[in-house]
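These notes are about the structure you will find just below.
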Amino acid sequence: MKISYKHLASLIEITETPEILSELLTATGLEVEGIEKIDAVPGGLTGLVIGEVLTCEQHPNADRLRKTTVDIGAEKPLEIVCGAANVAAGQKVVIATVGATLYPSDGEPFEIKKSKIRGEVSEGMICAEDEIGLGNSHDGIMVLTTDAPNGTPAAAHFKLESDYCIEIGLTPNRADAASHFGVARDVRALNGKEISLPETTGFKVVSEKTTFTISIQNEVACPRFCGLEIRGVTVKESPEWLKNFLRTVGVKSINNIVDTTNYINHFLGQPMHIFDADKVAGKQIVVRVPEKGTKVTTLDKIERELSGFDLAICDAEKPMAIAGVFGGLNSGVSDSTKNIFLEVAYFDPAWIRKTATHHSLKTDASFRYERGTDPEMPPFAIKAAALMIQNLAGGECLDGIIDIYPKPIEHKEVTLKYRNINRLIGKEIGVERIHEILESLDIKTLTKDEQQFTVSVPPYRVDVTREADVIEEILRIYGFDNIELSENLQSDFISEFPFTDSDALRKRVSEYLAGIGFNEIQTLSIVKPAQNTPLSSLSKGDEVKLLNPLNEELSVMRQG
C-alpha cells in the first residue's frame, strides 16, 4: 500500500521527516518497505531558474536564430542562442543552465551542455513548456509575468513541491490502516495531534427529488448502501494536484469523476463507484445475487460469467457491476456523461473475498472490502466525494442521500483486567497512559473500577475482538522498545538455539526409562501367564491365550 507523505500531512501535523516517520510507523506494526521521492514533474525542474532577457539580436550566421544575453542572478549574464520567434529583450523566462537534465513532455530526457551554435557560444537554453514537461505547447518560449528575482528556482516559482511515496507492507489484519486516514490514526496515537478530515459542511442539495430507488435483496452480503444522484457534471481532465496524488499512490488518472472515487478510496479507505445515471434501466439500483451463468462485461472489456454466489449491483434489467470488486463497462462514466449516480456501500468481507478469488480479480476496492471497511464511513465519504465532484466537474446534488442500513453493526465490548495488561506486556503501565492510548485509537472506555474496565471497539477494527487484542494495541503504541529486558527473560533463545549434546540427551532418556521400570528389552510376544503385566484397560483373566501353545510356559500374548 502506498501513502503520499504530503497528503498524509494534510490530515495531521507531522514534524518528522519521511525517514523518521517510517521508523515510527514500522514500530507500531505498519512496516514501511520503502520510501521514494516523487517529483511533481519528472526531474523536479532541477537546474532550471528564472532569468531576464537583457539583449536580443539577430544571429550573425543564421536567419532563424537569435543571440541573447540573460541575467540569472549570477556574476555575469549568460550568452544563449535561441530559436524561438517570440523571444525579446525585457522578458522573464525559464532558463535551463548547463548540466541540467530536461524531461520533455514527448521524447527522451537530454542534458544541457555548453556549446557553439553556428559559431556563437550558448551557455544554456530558454525553455518552452513542452521542453520541461509543464505542458504540450511548443508555440514559443514561456514568457512569465513575475516579480521573482532572477535566479529563483523554477520549481519554487511554479510551486512544484516534491512528495514522498511511503510504501507499507500492510498485513491482512490491519484493514483499518488501508488509507491515509487509517495511517493518520496511528500517527495521532503517536504524537497526540488532531486529525483534520475534509470539510463537508458545504454539502448542499437542491429541492428536486431523486428519480432513483434502491433495494437490498441480500442484507447479509450488503448491510449498508448509500446513493446520491448528481446532475449536470462535466467530464474532463483532472487538475494537476489530483493527478500528482494518484501518481504517487500508483493509480492512473482517468478523468475528474473517476479520479475522485480513487482519491476517496485511497484517502479515506472507502471504495465507491459511479454509474452513468442515464444508462441505469428503470432508475433502479438492486443489490442482489444473480443466477449462475449470468454474464456481465467489466471495465477491462472482459465478459465474465457470475458464479451464483457473486453479489452484484443491478438495474431493473441486468447486473451493472460486480459489487465491491469491479465496475461494468456499459454503465460506466464516459466523456459524454452528464448525470451520475454515486454509490458508497459496506459489503461483507467474506462475500467479496470469495468473489474476487473466484474471478481472479484483485482491485483497489476488493483489497479493502475483503479485509473489512468501516460501516460508519459511507455517509461521510459520499458527502466528501460529492463536494469534490462539484468543485471539479460542477453539477447539482438532488434532494438527499439515500442511506439503507437496516441492521447497524454494533461496536464490540471487551473487558480488560489491569493485572492482565501488566502480565502480558511485562511492565506496569500507568492507568492514565493506558486509557490515553486507547482513546487515541478510538477505543472508548465505557466503565471502569480499580480492577478492570470495559471498552467499546469500533467496527472498523476487525482485528480487535479479545482482551489480548486490546492489550496488543496498548503495547504497539507504547512501544516494544520501551519494555526493558529483565534477568528472567529468555529472549536470547529467540535469535539463536543452544547447542544440544545428543549423547547426553540419549543417556538422560535411558536413565529415565530405567527408573520407571523399563530396564529390560522384551522382544518375545509370547510369555508365561505369571510374567504377563496386564494393560490398564485389562485385568488378569482377560489375557489373549493361544489355542495351540508350544508349551504351558509360553501360552499367552504379552500385554505390557
Side-chain angles (χ1 to χ4, degrees), residues 1 3 8 12 14-16 19-33 166 168-179 181-195 269 371-372 374 411-496:
M1 182 189 70
I3 294 293
L8 180 63
I12 188 168
I14 299 175
T15 57
E16 296 83 5
E19 291 76 16
I20 294 177
L21 176 64
S22 297
E23 293 177 3
L24 294 174
L25 292 176
T26 298
T28 69
L30 299 179
E31 184 176 356
V32 174
E33 298 179 336
I166 300 175
I168 297 175
L170 195 68
T171 52
N173 64 308
R174 290 302 308 276
D176 63 291
S179 66
F181 177 39
V183 174
R185 284 190 290 242
D186 270 14
V187 175
R188 174 183 61 189
L190 292 170
N191 66 15
K193 305 294 184 181
E194 290 299 319
I195 293 176
R371 285 163 173 78
D374 184 358
H411 290 222
K412 298 180 288 289
E413 292 188 9
V414 181
T415 299
L416 298 89
K417 292 181 171 60
Y418 290 110
R419 61 181 175 85
N420 287 343
I421 296 175
N422 298 333
R423 178 175 60 84
L424 290 181
I425 290 179
K427 179 180 180 178
E428 185 172 342
I429 301 177
V431 172
E432 184 177 339
R433 179 59 178 148
I434 288 173
H435 290 284
E436 181 183 86
I437 290 174
L438 294 177
E439 286 287 331
S440 70
L441 294 172
D442 291 337
I443 300 176
K444 308 297 183 184
T445 301
L446 300 178
T447 61
K448 65 178 179 178
D449 56 36
E450 293 182 356
Q451 304 297 325
Q452 64 183 28
F453 62 98
T454 300
V455 297
S456 171
V457 181
Y460 70 77
R461 288 309 308 265
V462 296
D463 60 323
V464 181
T465 59
R466 307 166 301 163
E467 181 182 27
D469 297 331
V470 181
I471 295 173
E472 182 184 8
E473 292 299 295
I474 297 169
L475 176 56
R476 71 181 185 85
I477 298 301
Y478 181 78
F480 291 92
D481 293 340
N482 292 326
I483 306 300
E484 299 83 1
L485 297 179
S486 69
E487 295 179 356
N488 298 325
L489 291 177
Q490 300 295 322
S491 58
D492 56 326
F493 288 170
I494 296 175
S495 58
E496 61 181 60

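All of these numbers come straight from a predicted model, not from anything done at the bench.
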Close side-chain approach of E23 and T26, heavy atoms under 4.5 Å |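 No, too far: nothing below the 4.5 Å cut-off.
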With sequence neighbours left out, write down each residue that passes salt bridge (charged side-chain N to carboxylate O under 4.0 Å, His left out) with D463, or none if nothing qualifies.
->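 Listed in chain order: R461.
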Could you pull out all residues at least two apart from R476 that satisfy salt bridge (charged side-chain N to carboxylate O under 4.0 Å, His left out)?
->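 Once residues adjacent in sequence are excluded, the partners of R476 under the salt bridge (charged side-chain N to carboxylate O under 4.0 Å, His left out) criterion are D186, E473.
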Residue pair [X] / [Y]: nearest heavy atoms and the distance that separates them:
| X | Y | result |
| --- | --- | --- |
| N191 | K193 | OD1-N, 2.8 Å |
| I477 | A189 | CG2-O, 3.6 Å |
| A177 | L30 | CB-CD2, 3.7 Å |
| G372 | V462 | CA-CG1, 4.3 Å |
| L416 | V414 | CD1-O, 3.8 Å |
| I437 | S440 | O-OG, 2.6 Å |

Parallel, tilted or perpendicular: rings of Y418 and F453 (30°, 60°) =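 The rings of F453 and Y418 sit tilted, inter-plane angle from 30° to 60°.
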By side-chain hydrogen bond (donor to acceptor under 3.5 Å, both in side chains), which residues pair with [X], not counting sequence neighbours?
| X | result |
| --- | --- |
| K417 | none |
| E413 | none |
| E33 | none |

If you count heavy atoms of other groups shown closer than 6.0 angstrom to [atom1] of [X], is the number above 12?
| X | atom1 | value |
| --- | --- | --- |
| D481 | CG | no |
| K412 | NZ | yes |
| E428 | CD | no |

Are the side chain of R185 and the backbone N or O of D442 linked by a donor-acceptor pair below 3.5 Å?
->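 Not confirmed, R185 side chain does not pair with D442 backbone.
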Quick one: side chain to side chain contact (heavy atoms under 4.5 Å, CB included) partners of E19, sequence neighbours excluded?
->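 With neighbours one apart ignored, the set is T17, I35.
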